[in-house]
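Worksheet: one structure, shown below.
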Amino acid sequence: MASIVYSNGRYLPRHQAQTSVFDRAHLFADGIYEVIWVANRALVDWQDHHTRLLSSLAAVSLSIPWSPAVLRTLIFEVIRKNNLNNGFVYLQINRKHSYTRDHRITTTEKGGRPALMISAHHAPPPQCQPLKVITLPDERWRHCDIKSTALIKAVLSKQQAQQQGAHEAWFFDKDTQAITEGASCNAWMVTHNGTLCTHPADNRILHGVARQTLLKLCQRHKLPVQEQAFTLDALRNAREVFLTSTTLFVSPVSHIDDVAVGNGKVGETTQRLFDAYLHHCYPSSSSPDSHA
Ligand code: PLP
C-alpha cells in the first residue's frame with residue numbers, strides 16, 4: 001500500500017490514519033466501499049463506480065455530503081500524493097459513529113457527516129494468467145448487489161481457497177446448483193457453441209463494473225452473451241471459464257475444484273476478451289509490461 005491516506009479531511013501517513021473504536025464500520029460492518037483501477041494515473045470507469053457507490057449508499061440509507069466532482073478531486077489528490085501510476089484506489093464510507101453501541105441508526109448518525117477514507121495501492125496490470133477456483137455453497141445474504149464491508153464470508157472462502165491451493169472461491173446456490181459469483185469476482189463461462197454466460201445482475205451478485213464493461217466489449221466484438229445463471233455441471237463442462245474484477249480484469253480459470261477446464265490452457269475467447277479489456281484500460285498502448 002502507498003504511504004498517504006485521505007482520512008476525514010486530512011492527508012496522513014498511513015500509520016497515522018485512525019478511526020474511532022466506536023466507528024459503526026468497526027462494530028457492525030456498517031460501511032460501503034469501492035475499488036477503482038488506476039491506469040497511467042487515470043481512473044478506469046469512474047462513472048460506473050460512482051453510480052454503484054451511490055446505489056449501495058442509498059440501499060443502506062447512508063447519505064453523503066460530497067459531490068461526484070469533490071470525490072473525484074479527493075481521489076486524484078491521493079493518486080498525486082502517492083505518485084500512483086498504476087494500481088487501484090480504495091474508498092470507504094462509514095456511517096457516523098456514536099458512543100453507544102446501538103444497532104439502530106440514531107438521528108445524529110442519520111444527519112451526521114459520515115467518515116471517508118481513500119487509500120492508494122500500487123500494482124501492475126494483471127497478466128492473462130490461469131487461476132484455480134474452488135466451489136462452495138452460497139451462504140451469503142440476499143443483498144450481494146450492495147458493496148458492503150460485511151465481507152466475512154468472502155474472507156473465509158478466500159482463505160479456504162488458498163488452503164486448497166486455489167486463488168478464488170466461487171459460490172453456487174444449494175437448491176438450484178446455479179453459480180452466482182466468486183468471493184471477489186464475477187463468474188463467466190463459454191459454452192461449446194461459443195456463447196458466453198454470466199449470472200444476471202440481480203440481488204444475488206455484485207454488479208461488477210468489470211462485468212458491465214465486458215458486456216459492452218462483447219457487444220462490440222459481436223460475441224453472443226446470455227445473462228443467465230449456469231449450473232455447477234455446466235461449468236464443469238464449459239469450453240472456457242474466466243472471471244472478471246476491477247483488479248484482475250479478465251482472468252482465465254484453469255481448474256475448478258482441481259479438475260482442468262478444457263485443456264487447462266488459456267482459451268481463445270478469454271484471451272481475446274483479456275486483450276480487449278486491457279485496451280479499454282490502456283487505450284494508447286497494448287503492452288502490459290510498459291505499465292508495470
Ligand atoms: N463480486 C464480488 C463479490 C466482489 O467482491 C467483486 C469485487 O470486489 C466483484 C464481484 C467484481 O466487481 P468489480 O468488477 O466491480 O470489481
Side-chain angles (χ1 to χ4, degrees), residues 29 31-39 43-57 59-60 75 86-93 119 121 123 125-126 131 133-162 166-173 178-189 196-218 225 227 229-230 241-253 270 273-274 276-278 280-281:
I32 295 297
Y33 74 106
E34 273 299 326
V35 175
I36 309 161
W37 189 260
V38 176
L43 291 175
V44 174
D45 295 330
W46 158 248
Q47 199 55 56
D48 293 334
H49 283 284
H50 184 257
T51 302
R52 183 174 65 184
L53 176 68
L54 293 189
S55 146
S56 294
L57 291 167
V60 300
I75 293 171
N86 293 286
F88 60 92
V89 285
Y90 175 91
L91 177 153
Q92 186 176 325
I93 297 173
S119 57
H121 304 257
L131 304 171
V133 159
I134 61 164
T135 57
L136 296 173
D138 199 341
E139 293 164 342
R140 302 172 304 161
W141 74 333
R142 296 290 171 102
H143 290 288
C144 299
D145 51 325
I146 302 172
K147 200 161 169 67
S148 145
T149 55
L151 291 171
I152 194 64
K153 185 64 195 173
V155 167
L156 297 176
S157 305
K158 296 268 268 198
Q159 181 66 15
Q160 188 173 338
Q162 192 198 36
H167 180 85
E168 248 291 1
W170 282 14
F171 301 124
F172 60 88
D173 183 283
I179 298 289
T180 48
E181 64 177 338
S184 64
C185 65
N186 288 115
W188 296 71
M189 62 163 251
L196 286 95
C197 301
T198 192
H199 197 282
D202 58 18
N203 61 324
R204 302 296 304 268
I205 67 161
L206 182 75
H207 303 183
V209 170
R211 173 189 178 282
Q212 195 57 37
T213 295
L214 201 71
L215 284 172
K216 289 181 206 152
L217 292 172
C218 286
V225 183
E227 286 185 75
F230 54 86
V241 177
F242 64 88
L243 60 84
T244 52
S245 78
T246 294
T247 52
L248 286 176
F249 294 10
V250 176
S251 286
V253 171
T270 309
L273 289 172
F274 175 87
Y277 191 92
L278 187 67
H280 168 76
C281 298

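The first residue of the sequence shown is numbered 1, and numbering continues consecutively from there. Note that the structure is a prediction, hence the values are computed from the model and not measured. Quick note: numbers below take in every heavy atom, side chains included, and nothing from hydrogens, waters or symmetry partners. As the structure lists them, so they are numbered: ligands from 1, and atoms in each ligand from 1.
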If you compare Glu34, Glu181, His49 by their heavy atoms, the one closest to atom 1 (N) of ligand 1 turns out to be Glu181
Hey, which atoms in ligand 1 end up nearer than 4.0 Å to a heavy atom of Asn186?
-> 10 (C), 11 (C)
Going by the order shown, which atoms of ligand 1 are within less than 4.0 Å of some heavy atom of Gly182?
-> 3 (C)
So, does Arg211 use its side chain to make a donor-acceptor pair with the main chain of His199 at under 3.5 Å?
-> yes
Any donor-acceptor N or O pair under 3.5 Å, side chains Trp188, Thr244 = yes
Where at least one partner belongs to residues 149-158, residue pairs that pass salt bridge (Lys or Arg N to Asp or Glu O under 4.0 Å), sequence neighbours excluded = Glu139-Lys153, Lys158-Glu168
Taking only non-hydrogen atoms of Arg52 and a 4.0 Å limit, the atoms of ligand 1 in range are 12 (O), 13 (P), 15 (O)
Any N or O on Leu206 sitting closer than 3.5 Å to an N or O of ligand 1?
-> no
Ligand 1 contact on Cys144 by region, counting heavy-atom pairs under 4.0 Å = neither
Between Phe249 and Tyr277, how do the two ring planes meet: parallel, tilted or perpendicular, split at 30° and 60°?
-> tilted
Pick from Ser184, Ser245, Ala210: the one approaching atom 5 (O) of ligand 1 most closely through a non-hydrogen atom | Ser184
Note: ligand 1 atoms sitting under 4.0 Å from heavy atoms of Ala183 are 3 (C), 5 (O)
Polar side-chain atom of Asp145 near backbone of Leu206 as donor-acceptor pair, under 3.5 Å | no
For Thr246, the ligand 1 atoms whose distance to one of its heavy atoms is below 4.0 Å = 13 (P), 14 (O), 15 (O), 16 (O)
Does the Gln92 side chain pair with the main chain of Gly31, one donor and one acceptor, at a distance under 3.5 Å?
-> no
State if Lys147 counts as touching ligand 1 under the rule of any non-hydrogen atom under 4.0 Å.
-> yes
Is Lys147 salt-bridged to Glu34, cutoff N-O under 4.0 Å?
-> no
Trace of the side-chain hydrogen bond (donor to acceptor under 3.5 Å, both in side chains) decision for His49 with Thr51 | CA-CA 5 Å; His49 283 284; Thr51 302; over 6 Å; no
So between Gly208, Ala187, Ser157, Ser148, whose heavy atom ends up nearest atom 12 (O) of ligand 1?
-> Gly208
